[in-house]
Student: 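My questions will all concern the structure given below.
Just the heavy atoms: all of them, side chains too, but no hydrogens, waters or symmetry mates, feed the values below. Here, residue 1 is the first one in the sequence, and each next residue gets the next number.
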Amino acid sequence: MMLIPQGVVFGLANGTGLASDRWFNQIEAVSLVSALLLALATPGLIIEWLLGKPLEKIRCFCFMVKQGDYRARVSLPNESRDRDDEDAITLLMRDMNWMARQIELREQELKQVVENLEQSRQHIGKQNQALAKTNAELMVVQGRLNERTTELEEAFKQMQVMALTDPLTTIGNRRCFFDTLEQQFAALICTCRPISLVMIDIDRFKAINDTFGHEAGDRVLQELARIIIQHSRENDLAARIGGEEFTVLLPGAGSQEAVLVARRIKAAIANHNFELADEQRISITVSIGICTLSQTPCFNRDNLYNYADQALYHSKNNGRNSISIFDPTIRSVTKVS
């Protein structure tokens, strides 16, 4: 468009004296060059005029978003109903504003999530503290329960010992004797080993109580129990089964070995001076009955006890201070000492 006037002027001057004028030709050349330069610069100026401000807005917007200010917006006119009427730059800036709003919303949501997580962390921390406190209390309770359990176990063991112990002589009682007898029979039946029972009864014990009193009689019983234990074998069971009657159970012992033990006990008792109150001393004797079971058909707990009891009464009825043995094979009693 800028070259059209130049062409008209040059066309009119052609064929006239101006065409040969040197100054006119120079002016013509300068104007032509100026027109060409202006023609070349005009598109850039137009582009700068049309895009310069929008691009500056976009640049400022991008800088603010880069700094973390998602609330920044590009100032735009109200959106047209028909977006096809808007140029691409305006549409781009509207999309950038929409993205900024979306980023702001996501940032708010993330902040809320972080806040909720922090509250949850604090709540969990309080719960952990409460659980730690409860756990410490439970550990204390568990420690007390363990102590109480130990005490109960010890008390139970003591009760078991008390239930199987004669309180006066501190040796086995009647229950202990029969429980052990049952266990020994179960074991010896499998091995077919013999078992012997020695029954001991103090001669004229009632006279001791009547003469010196029951306290003196208790001292005699206590000392007698000690002598029986001292002169029995290591694995034998000594027990008081009632009153002045004692037993010694000898697992695995035959009749000869049982007689040796009985004689040892009888001699020790006869040679011992029993101390009573006020430095009084007395001597006593005992009657003893023995039974040994060694044959399988004869293995019976009640038979062993009854046969030994019969042997004991045989000693009592035949002068006392003696030892009698019951032979289960011929069912007879013989005085051996």
Student: So that I can tick it off, tell me whether Arg219 and Glu215 are bridged by a salt bridge, with the cut-off set at under 4.0 angstrom between side-chain N and carboxylate O.
Tutor: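 Yes, this pair counts.
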
Student: Which heavy-atom pair separates Asp236 from Leu250 by the least distance, and what is that distance?
Tutor: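 Between these two residues, the closest heavy atoms are OD1-CA, 3.5 Å.
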
Student: Is it the case that atom CD in Glu151 sees more than 12 heavy atoms from other parts of the structure closer than 6.0 Å?
Tutor: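 More than 12 heavy atoms, drawn from other residues, nucleotides or ligands, come within 6.0 Å of this atom.
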
Student: Just to verify, what does Glu257 make a side-chain hydrogen bond (donor to acceptor under 3.5 Å, both in side chains) with, not counting sequence neighbours?
Tutor: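 Listed in chain order: Arg233.
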
Student: Does this structure show an ion pair linking Arg144 with Glu147, if we count only N-O contacts that are shorter than 4.0 Å?
Tutor: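 Judged by the 4.0 Å cut-off on N to carboxylate O distance, Arg144 and Glu147 do not form a salt bridge.
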
Student: Let me know which of Thr285, Ile284, Asn321 forms a side-chain contact (heavy atoms from CB on, under 4.5 Å) with Ile269.
Tutor: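 Checked Thr285, Ile284, Asn321 against Ile269; only one passes side-chain contact (heavy atoms from CB on, under 4.5 Å): Ile284.
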
Student: Determine whether Gln112 and Asn116 satisfy the following criterion, side chain to side chain donor-acceptor pair (under 3.5 Å), listing intermediate values before the conclusion.
Tutor: CA-CA 6 Å; Gln112 185 63 41; Asn116 293 338; 3.1 Å; yes

Student: Between Asn173 and Cys176, what is the shortest heavy-atom contact and its length?
Tutor: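 Between these two residues, the closest heavy atoms are OD1-N, 2.8 Å.
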
Student: By the definition side-chain contact (heavy atoms from CB on, under 4.5 Å), identify the one residue from Ile290, Thr292, Val198 that meets it with Val259.
Tutor: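 Of all the options given, the one that passes is Ile290.
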
Student: Are the charged groups of Asp203 and Lys316 less than 4.0 angstrom apart, N to O?
Tutor: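 Yes, Asp203 and Lys316 are salt-bridged.
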
Student: Return the set of residues passing salt bridge (Lys or Arg N to Asp or Glu O under 4.0 Å) with Glu115 (not counting sequence neighbours), or none when no residue passes.
Tutor: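 Not a single residue meets the salt bridge (Lys or Arg N to Asp or Glu O under 4.0 Å) criterion with Glu115.
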
Student: Check the angle between the aromatic planes of Phe177 and Tyr305 and answer parallel, tilted or perpendicular using the 30° and 60° thresholds.
Tutor: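 Because their plane-to-plane angle lies in the 30° to 60° range, the rings of Phe177 and Tyr305 count as tilted.
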
Student: Before you tell me yes or no, could you show the steps for Thr334 and Phe326 under side chain to side chain contact (heavy atoms under 4.5 Å, CB included), namely the whole-Å CA-CA distance, both residues' side-chain angles and the distance that decides it to 0.1 Å?
Tutor: CA-CA 6 Å; Thr334 303; Phe326 186 96; over 6 Å; no

Student: Identify the two heavy atoms, one from Ala311 and one from Val333, that lie closest to each other, and give their separation to 0.1 Å.
Tutor: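 Minimum heavy-atom separation between Ala311 and Val333: CA-CG1, 3.9 Å.
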
Student: Show the nearest heavy-atom pair for residues Arg193 and Gly252, with the distance to one decimal.
Tutor: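 Taking Arg193 first and Gly252 second, the nearest heavy atoms are NH2-CA, 3.5 Å.
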
Student: Can you see whether Gln222 engages Arg226 through a side-chain donor-acceptor pair at a distance of less than 3.5 angstrom?
Tutor: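 No donor-acceptor contact under 3.5 Å links the two side chains.
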
Student: Tell me, please, which residues at least two apart from Asn271 pass side-chain hydrogen bond (donor to acceptor under 3.5 Å, both in side chains).
Tutor: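 In terms of side-chain hydrogen bond (donor to acceptor under 3.5 Å, both in side chains), with neighbours along the sequence ignored, Asn271 is linked to no residue.
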
Student: Tell me, with the steps shown, if Ser322 and Ile288 meet side chain to side chain contact (heavy atoms under 4.5 Å, CB included).
Tutor: CA-CA 6 Å; Ser322 61; Ile288 299 177; over 6 Å; no

Student: Would you say the side-chain atoms of Ser324 and Ser315 include a donor-acceptor pair closer than 3.5 Å?
Tutor: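 Ser324 vs Ser315: donor-acceptor pair found between side chains.
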
Student: Kindly indicate, with the supporting measurements, whether the criterion salt bridge (Lys or Arg N to Asp or Glu O under 4.0 Å) is fulfilled by Asp179 and Arg175.
Tutor: CA-CA 6 Å; Asp179 287 350; Arg175 176 182 175 184; 3.7 Å; yes

Student: Minimum heavy-atom separation for Ala268 to Ile227, with atom names?
Tutor: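 Looking at all heavy atoms of both residues, the shortest contact is CB-CG2, 3.7 Å.
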
Student: Could you tell me whether the side chains of Asn146 and Thr149 share a donor-acceptor contact shorter than 3.5 Å?
Tutor: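 No, Thr149 and Asn146 have no side-chain donor paired with an acceptor closer than 3.5 Å.
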
Student: Can you see which heavy atom on Ser287 is nearest to which on Arg320, and at what distance?
Tutor: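 So the minimum-distance heavy-atom pair works out to OG-CA, 3.4 Å.
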
Student: Would you please say whether a donor-acceptor pair under 3.5 Å links the side chains of Asn306 and Gln310?
Tutor: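 There is no such pair between these side chains.
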
Student: So with a 6.0 Å cut-off around CZ of Arg204, is the heavy-atom count from everything else above 12?
Tutor: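 At most 12 heavy atoms, drawn from other residues, nucleotides or ligands, come within 6.0 Å of this atom.
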
